[in-house]
Amino acid sequence: MFARQTFRYAQPLKQSFRKYSTEAPKGKSLAPVYLTVGLAGLGVGLYRYNSASAEAPADRAKVFTGGDQGWVDLKLSEIEVLNHNTKRLRFEFEDKEAVSGLNVASALLTKFKPEGGKAVLRPYTPVSDEAQPGFLDLVVKVYPNGPMSEHLHSMNVDQRLEFKGPLPKYPWEANKHNHICLIAGGTGITPMYQLARQIFKNPEDKTKVTLVYGNVTEGDILLKKELEELENTYPQRFRAFYVLDNPPKEWTGGKGYISKELLKTVLPEPKEDNIKLFVCGPPGMYKAISGAKVSPKDQGELTGILKELGYSQEQVFKF
């Protein structure tokens, strides 16, 4: 049984580091930063949990095959405004019966070239189910001085965008770990939700999942309906803890930032058998929680709160 752990939210969490929930990197050289921070994809695809739980038939065509395939041009077919700075963008496949070809966990690289400028590259993780035929969904939060997110928010239906992938992240198989912990900030929820969705749609997978999710305001929480559905459906295996920098008066969740105090309370002990902690969010969050990745292939040294709490390098994966 997944023991229910308690955490007192009455007092604001200690604010020991700078705001990070939705902070974008500063400076002009954004494309290289995005690539080195991690090809996890901080974008999100909107997904209705109970809409496509079955696996795609093995004989379906795959849009993205990796290797030397090159770039795939997809048309934007639908736009939905989700909140003050976030949109859902649906890109359709030429073959309506084809599936994306993504596995869990993996992402896609997007590209556009501004007139007279250099190509901008940015990874995103669709959260539309990998078995969904005909299209993929991204949920994109626009960041000031974020050239790709600004471009995507300026797009109109029938415009096209280039994609490449899949970009493999962390290969998952049922029951690979006994208990996983997802520590996300802002749009870093993307690969976390992709992984959780894969676990809970497989009746053979009994993995326990704990999510700690930080944002600025309640309106910034992405996929909350889907996450709440998981928690209500699997209360013994899925727990979610939400933390807000600027909570409303009636907020009963965490206040402030994702702190050492909170993580020590809700995460399994480092000595527990076969656990894995995943981290994804803006640069400030990586710095505070786990330390940054060096490159997509180099996880870098484990530092920050998780190091202080006694977790090992092998127990942590940075998306």
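Values below: every heavy atom of this structure, side chains too, minus hydrogens, waters and symmetry copies. By convention here, the first residue in the shown sequence is residue 1.
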Quick check: is Val142 connected to Val216 through a chain of hydrophobic side chains (ILVMFWY, heavy atoms under 4.5 Å apart)? no
With a 4.5 Å cut-off on side-chain heavy atoms, are Arg160 and Leu76 touching? no
Side chain to side chain, Leu306 and Leu267, heavy atoms closer than 4.5 Å: yes
Do Leu263 and Ile258 have side chains that approach each other closer than 4.5 Å (heavy atoms only, starting at C-beta)? yes
Please check if Trp251 and Leu262 belong to a single hydrophobic cluster, counting links between Ile, Leu, Val, Met, Phe, Trp and Tyr side chain heavy atoms closer than 4.5 Å. yes
Report yes if some heavy atom in the side chain of Pro123 is under 4.5 Å from a heavy atom in the side chain of Thr110; otherwise report no. no
Exceeds 12 heavy-atom contacts within 6.0 angstrom, atom NZ of Lys96: yes
Walk me through whether Ile79 and Val157 qualify under side chain to side chain contact (heavy atoms under 4.5 Å, CB included). CA-CA 7 Å; Ile79 301 170; Val157 168; 4.1 Å; yes
Would you say Glu150's side chain and Pro147's backbone share a donor-acceptor pair under 3.5 angstrom? no
Sequence-distant partners of His151, ring pair (Phe, Tyr, Trp, His ring centres under 6.0 Å), two or more places apart: Phe112
Examine distances only and state if a side-chain atom of Thr86 and a backbone atom of Asn83 form a donor-acceptor pair shorter than 3.5 Å. no
What residue among Val209, Leu195, Leu211 forms side-chain contact (heavy atoms from CB on, under 4.5 Å) with Phe278? Leu195
Non-hydrogen side-chain atoms of Trp71 and Leu161 separated by less than 4.5 Å: no
Find out whether Gln315 and Lys276 are in side-chain contact, i.e. whether some heavy atom of one side chain is under 4.5 Å from a heavy atom of the other. no
Does the side chain of Ser106 reach to within under 4.5 Å of the side chain of Leu167, using non-hydrogen atoms? no
To the nearest 0.5 Å, what is the distance between CD (Glu261) and OG (Ser259)? 5.0 Å
Tell me every residue that passes side chain to side chain contact (heavy atoms under 4.5 Å, CB included) with Asn232, counting only those two or more places apart in sequence or in another chain. none
Using a distance-only test with no angle check, is there a side-chain donor-acceptor pair under 3.5 angstrom linking Ser295 and Asp298? no
For the residue pair Thr303 and Tyr286, confirm or rule out a side-chain donor-acceptor distance under 3.5 Å. no
Over 12 foreign heavy atoms within 6.0 Å of NZ, Lys307: no
Applying side chain to side chain contact (heavy atoms under 4.5 Å, CB included), can you list everything that pairs with Asp205, at least two apart in sequence or on another chain? Trp172, Ala174, Asn175, Ile199, Asn202, Thr207
Side chain to side chain contact (heavy atoms under 4.5 Å, CB included) assessment of Lys260 paired with Leu309: CA-CA 8 Å; Lys260 184 176 180 179; Leu309 289 176; 3.8 Å; yes
Quick one: which residue pairs count as a ring-ring contact (aromatic ring centres under 6.0 Å, His included) with a foot in residues 75-111, not counting sequence neighbours? Phe91-Phe163
So does Lys176 have more than 12 non-hydrogen atoms from other groups sitting under 6.0 Å from NZ? yes
Exactly one of Gln194, Lys62, Lys201 clears side-chain hydrogen bond (donor to acceptor under 3.5 Å, both in side chains) with Glu130, and that residue is Gln194
Look at atom CD of Glu92 and say whether more than 12 heavy atoms of other residues, nucleotides or ligands are closer to it than 6.0 Å. yes
Residues which pass ring pair (Phe, Tyr, Trp, His ring centres under 6.0 Å) with Phe135, listed by chain and number, not counting sequence neighbours: none
Value rounded to 0.5 Å, distance of CG in Leu136 from CG in Leu108: 6.5 Å
Does a side-chain heavy-atom distance below 4.5 Å link Glu218 with Leu244? yes
Taking the six-membered ring for Trp, are Tyr170 and Phe319 closer than 6.0 Å centroid to centroid? no
Sorted by chain and number, sequence neighbours left out, salt bridge (Lys or Arg N to Asp or Glu O under 4.0 Å) with Asp158 holds for Lys75
Just checking, Arg122 and Tyr124: is the charged tip under 6.0 Å from the six-membered ring centre and within 45° of the axis? yes
One should read off an interatomic distance between Ile189 CD1 and Glu226 CD, to the nearest 0.5 angstrom, of 10.5 Å
